[in-house]
Amino acid sequence: MIILSTHNTSMKGVIVQIYSPSSRDEYAFCPRSWWLRKNGLMPRRIGYPELCGMGGNAIGKAMEEWNTDIMKGSERDLYHYVTVGKNAITQARL
């Protein structure tokens, strides 16, 4: 996904900025959070929407790995997926 810095329909003089993969992941997770961090603003506390987003992201990461393991035919301990979810929450807090 490439995020364009201008919305010129003629495409003349369009400046295309390419963002790092981690920045694109953060944008896909929450565009509002991405914009705030890009402009140097960080929330002082985690509110209800951010908390729900972090929890949903953690569950999504764990389910993604679980489904991948099912497709590969491998079996892992349940606590592995719990650890994946905890790591996703830790990364979201950074």
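For the numbers below, each heavy atom of this structure counts, side chains included, while hydrogens, waters and symmetry mates do not.
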For Arg32, look at atom CZ and say whether over 12 heavy atoms of other residues, nucleotides or ligands are found less than 6.0 Å away.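 Incorrect, the count does not exceed 12.
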
Which heavy atom of [X] sits nearest to which heavy atom of [Y], and what is that distance?
{"X": "Arg76", "Y": "Tyr81", "value": "CB-OH, 3.6 Å"}
{"X": "Ala58", "Y": "Gly85", "value": "CB-O, 3.3 Å"}
{"X": "Val84", "Y": "Glu65", "value": "CG2-OE1, 3.6 Å"}

Sub-3.5 Å donor-acceptor pair from the side chain of Asn67 to the main-chain atoms of Met63, do we have one?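 Answer holds: yes.
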
Mind checking the CD-NE2 spacing from Glu75 to His80? Nearest 0.5 Å is all I need.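 Result: 13.0 Å between the selected atoms.
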
Is there a path of hydrophobic side-chain contacts, each under 4.5 Å between heavy atoms, that joins Ile70 and Ile59?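 Yes, because Ile70 and Ile59 connect within a single hydrophobic cluster, where side-chain heavy atoms sit under 4.5 Å apart.
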
